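Shown next, in structure tokens, is the structure this report addresses.
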Amino acid sequence: MVKRYASAALGDGFKKLGHAFFQRPALALAPDLIGTILVRRVQGKKYRVRIVETEAYVGAHDLACHASKGRTRRTEVMFGPGGRAYVYFIYGMYEMFNIVASVEGDAQAVLIRAAEPLDGWEADLSGPGKFTRALHITRTQNGIDLTGSDIFLLNDPSYQPQLAATKRIGVDYAKEWKDELFRFLDAKSSAVSKRPPAKSRRRPRQVTE
DNA sequence: GCGTCGATGGCA
DNA sequence: GCCATCGACGCG
């Protein structure tokens with residue numbers, strides 16, 4: 001089901017986010033990414049989306065973080081400096097797009113789980129697999145600099161998300177890390193990948209404002 | 001609207 | 001043998 005979003009025409013006065021924005025702990029970056037605009041240029045087209053859901057993976061000690069398996073060919077990018085893409089393949093079908101956070105040697109990342117299409121584009125971006133599919137992001141983008149031209153981000157000071165935090169999705173194996181409130185979402189958005197269970201939906205934990 | 005389940009392949 | 005998913009299906 002493709003949802004429609006009432007979005008005003010957007011100007012181009014937004015500021016591009018640079019390395020300093022990304023080279024912070026994932027727990028600081030993940031909520032700050034909510035409401036920002038991601039631009040994807042591919043096949044001569046430009047797509048803009050608003051990020052509405054993220055998850056922080058906070059380092060090699062975080063058992064839900066791929067880096068906890070050690071420094072391998074797959075996880076290598078995460079050990080590099082923040083501001084690059086970490087794209088991996090999962091479930092035999094899906095590519096997952098992450099933004100590497102923190103600094104060289106500290107393997108942290110933020111998974112982008114959902115977004116809203118802008119500029120009148122109709123697409124369902126309400127899930128990490130759907131997001132990458134619609135934006136033509138695959139493992140060939142693994143490691144690219146996110147301050148370049150293929151994928152980059154813009155701030156949008158005029159947009160004020162209603163920030164909430166919940167547990168991360170699908171990490172029940174991660175022992176004491178599974179219940180950390182490391183998933184961030186814009187409660188105003190109908191594009192979040194899964195509505196929280198009814199109980200917590202009534203009162204999402206406020207993390208700002 | 002919600003729970004269950006199969007597809008499918010890279011990784012350790 | 002898992003797994004940061006999705007969509008189809010059955011239910012009533």
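Small disclaimer: the values here were computed from a predicted structure and weren't measured. Throughout, a chain's letter reflects where its sequence line sits, starting with A, and its residues are numbered from 1.
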Quiz item: Does A:Glu180 pair with A:Arg168 as a salt bridge, N-O distance under 4.0 Å?
Solution: no
Quiz item: Does A:Lys178 pair with A:Asp172 as a salt bridge, N-O distance under 4.0 Å?
Solution: no
Self-check item: Spatial distance of atom CD (A:Gln108) from atom CG (A:Asn98) [nearest 0.5 Å]
Solution: 12.5 Å
Quiz prompt | Inter-residue atom distance A:Leu153.CG - A:Arg48.CZ, 0.5 Å rounding | solution = 12.5 Å
Phosphate oxygens OP1/OP2 of [N]: is one of them under 4.0 Å from a side-chain N or O of [X]?
| X | N | value |
| --- | --- | --- |
| A:Tyr94 | C:dT5 | no |
| A:Arg139 | B:dG9 | no |
| A:Tyr173 | C:dA4 | yes |

Self-check item: Dot-bracket notation for DNA chain C, counting Watson-Crick and G-U pairs under 3.5 Å, with | for partners on another strand
Solution: |||.|||||||.
Practice problem: Pick base, sugar-phosphate or nothing for A:Met93, based on heavy-atom distances below 4.0 Å to the nucleic acid. | Solution: base
Rounded to whole Å, please give me the gap between [atom1] in [X] and [atom2] in [N].
| X | N | atom1 | atom2 | value |
| --- | --- | --- | --- | --- |
| A:Glu180 | C:dA4 | CD | C1' | 16 Å |
| A:Ile90 | B:dA12 | CD1 | C1' | 12 Å |
| A:Arg133 | C:dC6 | CZ | P | 8 Å |
| A:Lys130 | C:dA8 | NZ | C1' | 13 Å |
| A:Asp172 | C:dT5 | CG | P | 11 Å |
| A:Ile112 | C:dT5 | CD1 | C1' | 16 Å |
| A:Phe131 | C:dC6 | CZ | P | 12 Å |
| A:Asn142 | B:dC11 | CG | P | 10 Å |

Quiz prompt | Heavy-atom closest pair, residues A:Phe79 and A:Gly70 | solution = CE1-O, 3.8 Å
Quiz item: Do A:Leu33 and A:Tyr47 share a hydrophobic cluster (ILVMFWY, side-chain heavy atoms under 4.5 Å, transitive)?
Solution: yes
Quiz prompt | Centroid distance under 5.5 Å and plane angle under 30°, A:Tyr57 vs C:dA4 | solution = yes
Exercise. List the steps, then state whether side chain to side chain donor-acceptor pair (under 3.5 Å) holds for A:Glu116 with A:Ser189.
Key: CA-CA 8 Å; A:Glu116 289 185 8; A:Ser189 174; 2.6 Å; yes
Practice problem: Would you jot down, in residue-number order, the residues of residues 60-78 of chain A having a non-hydrogen atom under 4.0 Å from DNA chain C? | Solution: A:Ala64, A:His66
Quiz item: Do A:Thr166 and A:Arg183 have side-chain N/O donor and acceptor atoms under 3.5 Å apart?
Solution: yes
Quiz item: Looking at B:dG10, C:dC6, C:dA4, which one has an atom nearest to any side-chain atom of A:Tyr91?
Solution: C:dA4
Quiz prompt | Step-by-step ring pair (Phe, Tyr, Trp, His ring centres under 6.0 Å) determination, A:His66 to A:Tyr88 | solution = CA-CA 10 Å; A:His66 289 169; A:Tyr88 64 88; 4.5 Å; yes
